[in-house]
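What follows is a single structure, written as structure tokens, with notes after it.
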There are 2 protein chains.
Amino acid sequence: MARKTKSVDIAFRKHDHGRCQRQLLSEARQLCEARKLRLTSRRRQVLEILLASHQPMGAYDILAELNRANPAARIAPPIVYRALDFLMSEGLIHRIESRNAFISCVHPGHQCTAQFLICRDCEQVAELEGRDPALLVEADNLGFAVDHSVVEITGICAQCQKHAG
Amino acid sequence: MARKTKSVDIAFRKHDHGRCQRQLLSEARQLCEARKLRLTSRRRQVLEILLASHQPMGAYDILAELNRANPAARIAPPIVYRALDFLMSEGLIHRIESRNAFISCVHPGHQCTAQFLICRDCEQVAELEGRDPALLVEADNLGFAVDHSVVEITGICAQCQKHAG
DNA sequence: GGCCATTGTGTTATATTATAACGTAACTGA
DNA sequence: TCAGTTACGTTATAATATAACACAATGGCC
Ligand SMILES: [Zn+2]
Ligand SMILES: [Zn+2]
Ligand SMILES: [Zn+2]
Ligand SMILES: [Zn+2]
């Protein structure tokens with residue numbers, strides 16, 4: 001099997017993130033159009049805030065950003081959580097359970113099982129594709145019907161190891 | 001490789017849980033003695049509350065149990081969280097990140113990477129042993145130094161599928 | 001266009017989960 | 001018994017998330 005690192009480690013490599021951002025937003029638009037869903041302006045705002053980086057953000061950080069962008073409005077938590085629920089349900093963002101945080105998906109619509117490498121130094125998160133075969137076989141042996149999986153690996157990314165070493 | 005299901009699916013099978021409980025408490029005692037650690041009465045109380053079932057419990061549920069057992073005391077959250085931190089640091093319990101809950105470890109001291117199957121119907125949690133080779137290879141390719149992993153699979157266990165079907 | 005059903009938004013209040021900060025008690029080793 | 005350390009207790013508060021309800025926008029239908 002050839003090694004695929006194309007979209008795997010984007011967060012940990014230098015890349016044209018402006019392009020990356022526009023690309024992902026455009027994919028989100030297309031995906032919603034195809035599914036007859038409304039990517040409303042609030043939802044788009046929240047998505048754009050998450051697309052601004054490959055780092056996870058807490059709901060209240062997103063809330064603060066929203067309120068900075070709309071100084072007149074005084075937006076409250078439920079608005080953010082509802083937008084996040086929508087974006088998660090469509091696979092446009094993911095929740096990082098071990099951080100109570102949210103992050104934009106780097107391959108929206110793939111319906112893959114998301115897996116994350118989380119650097120506890122630089123706080124960047126890389127999203128990997130694929131499933132864990134061994135674990136699913138084991139689940140199968142137990143007659144367990146898988147629904148959703150959370151795979152989050154914490155450690156130190158290559159970049160931060162260099163800086164420290 | 002032979003299939004090992006010995007301790008893998010204990011939470012999803014009938015077993016003598018009284019015995020299971022006593023066994024795990026005894027292992028915890030031995031482990032703390034070996035490591036010159038103090039399994040104080042508070043810590044033991046919290047562990048025993050978690051050992052009472054193979055279901056995850058929230059910190060405040062544990063707190064309520066503690067206060068039920070000690071009606072005179074009025075125990076406060078930090079006491080519970082400190083006991084939980086101790087028990088986690090020694091691998092006697094695990095945190096279920098996707099539930100903000102805690103569960104007793106079924107093979108304390110193994111230093112394994114814990115992996116969980118979580119039934120969203122009966123709420124039981126089975127702890128599997130082992131690591132995900134594919135994912136770790138990928139982490140390695142990226143020069144990522146793994147520290148800690150969270151693997152939580154949600155779905156419906158065999159038992160609950162039967163009841164529903 | 002007017003109507004209805006549905007979906008999305010805004011608002012207030014509150015629930016749930018977790019920690020900071022600080023003082024006291026218990027244990028440990030000399 | 002004393003000092004150093006670890007664990008416990010207490011108060012207050014931070015951080016995360018949701019309930020409940022009113023109103024607005026949208027979309028299909030006539
Ligand atoms: Zn990018
Ligand atoms: Zn994704
Ligand atoms: Zn048992
Ligand atoms: Zn374990």
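Numbered from 1 within each chain, the chains take letters A, B, ... in sequence-line order. These numbers come from a predicted model, not from an experiment.
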Are there any protein N/O atoms within less than 3.5 Å of an N/O atom in nucleotides 5-8 of chain D, and if so, which ones and at what distance?
unit_1: D/dA7; atom_1: OP1; unit_2: B/Arg43; atom_2: NH1; d: 3.1
unit_1: D/dA7; atom_1: OP1; unit_2: B/Arg43; atom_2: NH2; d: 3.2
unit_1: D/dA7; atom_1: O5'; unit_2: B/Arg43; atom_2: NH2; d: 3.2
unit_1: D/dC8; atom_1: OP1; unit_2: B/Thr40; atom_2: OG1; d: 2.5

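- Listed by residue number, the members of residues 46-60 of chain B with any heavy atom below 4.0 angstrom from DNA chain C are B/Tyr60.
- Rounded to a whole Å, the CG atom of B/Asn100 is 10 Å from the C1' atom of D/dA17.
- Residues that satisfy the side-chain contact (heavy atoms from CB on, under 4.5 Å) test with A/Ser26, not counting sequence neighbours, are A/Gln30.
- Taking five base pairs at each end of the helix from C/dG1-D/dC30 to C/dA30-D/dT1, the local helix axes there meet at an angle of 30°, rounded to 10°.
- Sorted by first and then second residue, the salt bridge (Lys or Arg N to Asp or Glu O under 4.0 Å) pairs involving residues 18-31 of chain B (not counting sequence neighbours) form an empty list.
- Residues A/Arg99 and B/Glu97 are not paired through a salt bridge, judged by the lack of any N-O separation under 4.0 Å between the basic side chain and the carboxylate.
- Cluster note: A/Val150 groups with B/Val150 through ILVMFWY side-chain heavy atoms spaced under 4.5 Å, whether in direct contact or through intervening members.
- By the side-chain contact (heavy atoms from CB on, under 4.5 Å) test, B/Ala76 is found to be paired with B/Pro78, residues two or more places apart in sequence or in another chain being considered.
- Counting non-hydrogen atoms under 4.0 angstrom, A/Arg99 reaches nothing in the nucleic acid.
- Of the residues in residues 69-78 of chain B, those placing a heavy atom less than 4.0 Å from an atom of DNA chain C are B/Pro77, B/Pro78, in numerical order.
- Put simply, the side chain of B/Gln55 never gets that close to the backbone of B/Gln124: no donor and acceptor are under 3.5 Å apart.
- Qualifying side-chain contact (heavy atoms from CB on, under 4.5 Å) partners for A/Ile79, counting only residues two or more places apart in sequence or in other chains: A/Arg42, A/Ile75, A/Arg82.
- Under a 4.5 Å side-chain heavy-atom cut-off, the cluster of Ile, Leu, Val, Met, Phe, Trp and Tyr residues that includes A/Val125 is completed by A/Ile96, A/Ile103, A/Phe116, A/Ile118.
- First and last contacts of DNA chain C with chain A, using any nucleotide atom under 4.0 Å from a protein heavy atom and ordered 5' to 3', fall at C/dG8 to C/dT12.
- Residue pairs satisfying the ring pair (Phe, Tyr, Trp, His ring centres under 6.0 Å) criterion with at least one member in residues 31-83 of chain A, sequence neighbours excluded, are listed as follows: A/His15-A/His54, A/His17-A/His54.
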